[in-house]
Engineer: 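The following block contains the structure, expressed as structure tokens.
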Amino acid sequence: MLPTAKIGPYTLPNPLIVAPMAGVTDRPFRQLCRRMGAGLAVSEMVIADSKLWHTRKSRTRLNHEGEPEPRSVQIAGGDPQMLADAARQNAGFGAQIIDINMGCPAKKVCNKAAGSALMKDEALVREILEAVVKAVEVPVTLKMRTGWDSDNRNAPVIARMAQDAGIQALAIHGRTRADKYNGDAEYDTIAEVKSRVQIPVFANGDITSPEKALKVLSHTGADGLLIGRGAQGRPWIFREILHYLETGKHLQEPPLDEVEQILTDHLAELHSFYGEKMGVRIARKHVGWYLQSHDQSRQFRKRFNAIEDALEQKDSIEQYFAGLRNGEVFAA
Ligand SMILES: Cc1cc2nc3c(=O)[nH]c(=O)nc-3n(C[C@H](O)[C@H](O)[C@H](O)COP(=O)(O)O)c2cc1C
């Protein structure tokens, strides 16, 4: 049971999307997830204020060279005109879908309410949606939470507003802004949104296994899923879920050799994308995620995190996996 997911003129190869995660879904990670089966990968948010785009961080976020289509770029901010300008400029840089961030729990971006805090001000939400849709030819999507707290789950209201404004698809994280990342995501509100709009709806939150993916799709009737933390250190989750949805059977866990290959390729791409100094630092958190399920990796990770050199990082990963294959036990 694999729904077909469309966003504007784009029919996605499949309905599984990599959720935008600042500091995680950079170009190397997005490309890796696409290779591992994701149908789309949304970029990390770009702050709407273009005066801030000269920083190295912003420049790497604006880089989409060689990324498979369609390229979706998320913008974040609280000012309709600034967001409209950011959308226009990013479309000029090659974004084929513009995604508006009303999902992140950050209080403010550039001293203005932004992310999920916007959901409290429905008039402003309408202004933002209309301004951004008007500014670009490409489809605009909206990512939001279920509301701002458990007494105010207004995602269904905003969803209707979004559809009327010309938004082409919605992604909903099954938590309120007040929840932050606490508790479990709920999917009833997402099901309600789905029943109220005709545009595609993507469900998000705590999808970390094929069974959960199927459960959330069935419960919400959603057109697809966004997967965030479940893909950290497990980018093959996309092909696992796809296989399960298509066949009802589980794919085997990737063998150790393949995990090593994926990880070393990922490191090489981080080193080349960011340059050695920054690449080495960013690689540490990914390695931590890849190895978090290995009981024996704690001591190794401590040593790995002290390495400052790209080649040394690569060698040390190779040694770690050689040790695992030889049945070596790493001191915990
Ligand atoms: C480290 C991190 C960074 C995130 N950054 C963004 C972001 O830039 N924009 C956004 O809309 N959501 C962001 N999110 C929220 C995710 O897109 C997603 O909605 C949330 O993690 C729930 O999905 P999950 O349970 O599959 O991780 C971020 C989440 C994490 C963990």
Engineer: How close do V73 and S43 get, heavy atom to heavy atom, and via which atoms?
Structural biologist: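 Smallest heavy-atom distance, with atoms named: CA-OG, 3.2 Å.
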Engineer: Grab the two heavy atoms, one from I241 and one from A213, that are nearest each other, plus how far apart they are.
Structural biologist: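 Smallest interatomic distance, heavy atoms only, reads CG2-CB, 3.5 Å.
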Engineer: Should the pair F321 and H294 be assigned to parallel (<30°), tilted (30 to 60°) or perpendicular (>60°) ring geometry?
Structural biologist: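 Because their plane-to-plane angle is over 60°, the rings of F321 and H294 count as perpendicular.
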Engineer: Using a 3.5 Å distance criterion without hydrogens, assess whether the side chain of N90 forms a donor-acceptor pair with backbone atoms of I98.
Structural biologist: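 The answer is no, because no donor-acceptor pair under 3.5 Å joins these two groups.
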Engineer: Crowded around K285 NZ? As in, over 12 foreign heavy atoms under 6.0 Å?
Structural biologist: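 Yes, because the 6.0 Å sphere around NZ of K285 holds more than 12 heavy atoms from other groups.
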Engineer: Counting distance only, does the side-chain N/O of S50 pair as donor-acceptor with the main-chain N or O of W53 below 3.5 Å?
Structural biologist: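 No; judged by distance alone, with no hydrogens or angles, the pair does not exist.
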Engineer: So which atom in S297 and which in Y320 form the shortest heavy-atom distance, rounded to 0.1 Å?
Structural biologist: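 For S297 versus Y320, the nearest heavy atoms are CB-OH, 3.4 Å.
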Engineer: So, taking the atom named CD1 in I262 and the one named CG in L267, what distance separates them when rounded to the nearest 0.5 Å?
Structural biologist: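 Between I262 CD1 and L267 CG, I get 12.0 Å after rounding to 0.5 Å.
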Engineer: Rounded to the nearest 0.5 Å, what separates atom CZ in F273 from atom CD1 in I282?
Structural biologist: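 Those atoms lie 8.5 Å apart.
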Engineer: Looking at E318 and K314, does any basic side-chain N land under 4.0 Å from a carboxylate oxygen?
Structural biologist: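 K314 and E318: salt-bridged.
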Engineer: In plain terms, say whether D223 and K6 are close enough for a salt bridge, that is, a side-chain N and a carboxylate O under 4.0 Å apart.
Structural biologist: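 Salt bridge between D223 and K6, a charged N being under 4.0 Å from a carboxylate O: no.
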Engineer: Flag the pair D257 and R325 as a salt bridge only when some basic side-chain nitrogen lies within less than 4.0 angstrom of an acidic carboxylate oxygen.
Structural biologist: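 Yes.
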Engineer: Might you point out which heavy atoms bring D79 and M82 nearest each other, and give the distance in Å?
Structural biologist: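 Closest approach of D79 to M82: OD2-N, 2.8 Å.
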Engineer: Using modelled atom types only, decide if a donor and an acceptor are shared between the side chain of R126 and the backbone of A165 within a distance under 3.5 Å.
Structural biologist: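 No, R126 side chain to A165 backbone: no donor-acceptor pair under 3.5 Å.
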Engineer: Report the residues that fulfil ring pair (Phe, Tyr, Trp, His ring centres under 6.0 Å) with H286, sequence neighbours left out, ordered by chain and then residue number.
Structural biologist: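 Per chain and number, H286 pairs via ring pair (Phe, Tyr, Trp, His ring centres under 6.0 Å) with F29, H266, W289.
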Engineer: Using a 3.5 Å distance criterion without hydrogens, assess whether the side chain of R284 forms a donor-acceptor pair with backbone atoms of I307.
Structural biologist: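 Such a contact is found between R284 side chain and I307 backbone.
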Engineer: Check each of T146, D206, N182 against R175 using the side-chain hydrogen bond (donor to acceptor under 3.5 Å, both in side chains) test, and report the only one that passes.
Structural biologist: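 Of all the options given, the one that passes is D206.
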Engineer: Less than 4.0 angstrom from a charged side-chain N to a carboxylate O is my criterion; do E44 and R27 meet it?
Structural biologist: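 Judged by the 4.0 Å cut-off on N to carboxylate O distance, E44 and R27 do not form a salt bridge.
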Engineer: Rounded to the nearest 0.5 Å, how far does CG of N204 lie from NZ of K143?
Structural biologist: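 K143 atom NZ to N204 atom CG measures 5.5 Å (nearest 0.5 Å).
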Engineer: If you take all heavy atoms of I190 and A203, which pair is closest and at what distance?
Structural biologist: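 Smallest interatomic distance, heavy atoms only, reads CG2-CB, 3.9 Å.
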Engineer: Name all pairs fulfilling the salt bridge (Lys or Arg N to Asp or Glu O under 4.0 Å) condition that reach into residues 231-255, sequence neighbours left out, sorted by first residue then second.
Structural biologist: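 Non-adjacent pairs meeting salt bridge (Lys or Arg N to Asp or Glu O under 4.0 Å): R234-E240, R234-E253, R239-E258.
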Engineer: Is a salt bridge present between E192 and R196, judged by a nitrogen-to-oxygen distance below 4.0 Å?
Structural biologist: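 So E192 pairs with R196 through a salt bridge.
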Engineer: Just jot down the salt bridge (Lys or Arg N to Asp or Glu O under 4.0 Å) partners of R160, sequence neighbours excluded, or say none.
Structural biologist: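 Counting only residues at least two positions away or on another chain, R160 forms no salt bridge (Lys or Arg N to Asp or Glu O under 4.0 Å).
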Engineer: Check A155 against R145 and note the closest heavy-atom contact, atom names and distance.
Structural biologist: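 Heavy atoms only, the tightest pair is CB-O, 3.5 Å.
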Engineer: Give, for atom CD1 of I97 and atom CD1 of I7, the distance between the pair rounded to the nearest 0.5 Å.
Structural biologist: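 That separation rounds to 4.5 Å.
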